[in-house]
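For this chain, numbers begin at 1 and follow the sequence in order. Values below: all heavy atoms of this structure, side chains included; hydrogens, waters and symmetry mates excluded. Remember, it's 1-based here, ligands and their atoms both numbered in the order they're listed.
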Amino acid sequence: MDCQRALSLMHGYLDRELDLTTRLAVEQHLADCPACREISQQQQALSAALGAQARYHRARPALAAGIRSALDVIDATSGTTMRQTPRWLSLAASVVFAAFIGSGITYWLAGTAPEELLAREVIASHVRAQMVAGRLTDISSSDSHTVKPWFNGKLDFAPPVLDLTTQGFPLVGGRLEYLTNRPVAALVYRHRQHLIQLYVWPAVDRPDTALHALTRQGYQVYYWSDATMHYWAISDLNAEALKSFCKLLQEHAAAGPVARAIRGLPGPEDLS
Ligand SMILES: [Zn+2]
């Protein structure tokens, strides 16, 4: 079993949903592969923390009764739609709704944009990688020709790994990371004494090429997409320096073979 397969089975493995043979194969891979083992341990810690800290609330009887009677009024005054809803379903809906009001989940669901959730994952990953010795990189090298092929067989895509040394952003290395429910590439760059982590994974939806900025917990975060990849960059660098790093990546992608193919332009390899 390779890393790609092991990571795709990780949720099923942790939720004990795999058949015995597959489970043993995943276990064998985790025993042999420190990178996947680390991700598995992080996921276990996360689900344990959620299980221990998530709050469950039963709606107070008065609240549940109030919602039920409000539904009765809607039943009586509206036309067919509510009458077609089975009674147990509207009751269940009222209880769920009551539970949401009671726990503030309504606010949580409505008030948290996907970008905000992803930003929290990115910050947590960035902090964790620097807290644990040896966690920052699975492959340590300033040579993009060493780092890029390391991802072969570990991911189902080839992340762009650039040499930006002359621009002041030498490469430190790379590692596997697990964000937004999928394996992603984490590339580590440096600018003076500051680390930059760049998370990359394939874009499946229409690219949002604009450069978006966030500041959270003292970290600068920039994110954008192009025709092939999503990019999230995080650092404790000042915003201007991190932005210029992101601009370099955007310019490189815009001049790359994929972008040229999309625009129908010949590449240097076609001009010889
Ligand atoms: Zn692995």
Side-chain angles (χ1 to χ4, degrees), residues 1-51 117-163 170-190 195-204 223 225 228-235 249:
M1 181 174 292
D2 61 13
C3 296
Q4 200 177 312
R5 176 97 179 115
L7 291 173
S8 75
L9 291 168
M10 190 68 79
H11 274 205
Y13 172 74
L14 293 174
D15 292 340
R16 300 172 187 282
E17 288 164 353
L18 302 181
D19 63 81
L20 184 63
T21 319
T22 316
R23 181 175 179 82
L24 289 175
V26 174
E27 255 162 31
Q28 185 61 53
H29 182 83
L30 293 180
D32 298 339
C33 175
C36 291
R37 191 161 62 237
E38 171 76 28
I39 288 171
S40 151
Q41 286 162 355
Q42 283 172 15
Q43 290 288 306
Q44 275 174 301
L46 178 64
S47 32
L50 284 175
L117 293 173
L118 193 45
R120 289 180 200 171
E121 281 194 71
V122 164
I123 292 167
S125 161
H126 181 66
V127 172
R128 211 163 43 217
Q130 294 173 84
M131 278 170 65
V132 182
R135 170 66 195 134
L136 187 62
T137 52
D138 292 330
I139 171 80
S140 298
S141 173
S142 58
D143 183 1
S144 59
H145 298 103
T146 305
V147 175
K148 190 176 170 65
W150 180 84
F151 287 103
N152 292 350
K154 299 185 175 69
L155 292 170
D156 58 356
F157 63 96
V161 183
L162 302 189
D163 182 352
L171 187 63
V172 175
R175 70 171 189 281
L176 283 182
E177 190 54 83
Y178 197 84
L179 291 183
T180 180
N181 287 324
R182 63 153 302 140
V184 309
L187 300 168
V188 184
Y189 291 86
R190 192 164 50 76
L195 286 176
I196 302 170
Q197 296 207 60
L198 176 69
Y199 299 91
V200 184
W201 65 96
V204 284
Y223 63 94
S225 307
T228 54
M229 299 287 165
H230 291 296
Y231 303 85
W232 280 67
I234 179 169
S235 180
L249 295 168

The Zn ion (ligand 1) neighbourhood, protein N/O/S only, threshold under 2.8 Å:
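Protein N/O/S atoms under 2.8 Å of the Zn ion (ligand 1): C3 SG, H29 NE2, C33 SG, C36 SG.
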Taking atom types as modelled, find out whether R5 and T22 have a side-chain donor-acceptor pair closer than 3.5 angstrom.
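Judged by distance alone, the side chains do not pair up.
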Ignoring hydrogens and geometry beyond distance, is a side-chain donor-acceptor pair present between Y13 and S40 at under 3.5 Å?
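Result is no, nothing qualifies.
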Per-pair distances, 0.1 Å, donor-acceptor, side chain in residues 179-188, under 3.5 Å, sequence neighbours excluded:
from: R182; atom 1: NH2; to: D156; atom 2: OD1; distance (Å): 3.1

Are E121 and R128 ion-paired here, with the side-chain N under 4.0 Å from a carboxylate O?
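So E121 does not pair with R128 through a salt bridge.
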Donor-acceptor check, side chain of T137 to backbone of G174, threshold 3.5 angstrom: yes or no?
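No, because the side chain of T137 does not come within donor-acceptor range (under 3.5 Å) of the backbone of G174.
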Side chain to side chain contact (heavy atoms under 4.5 Å, CB included) between W232 and W201, worked out
CA-CA 9 Å; W232 280 67; W201 65 96; 3.3 Å; yes
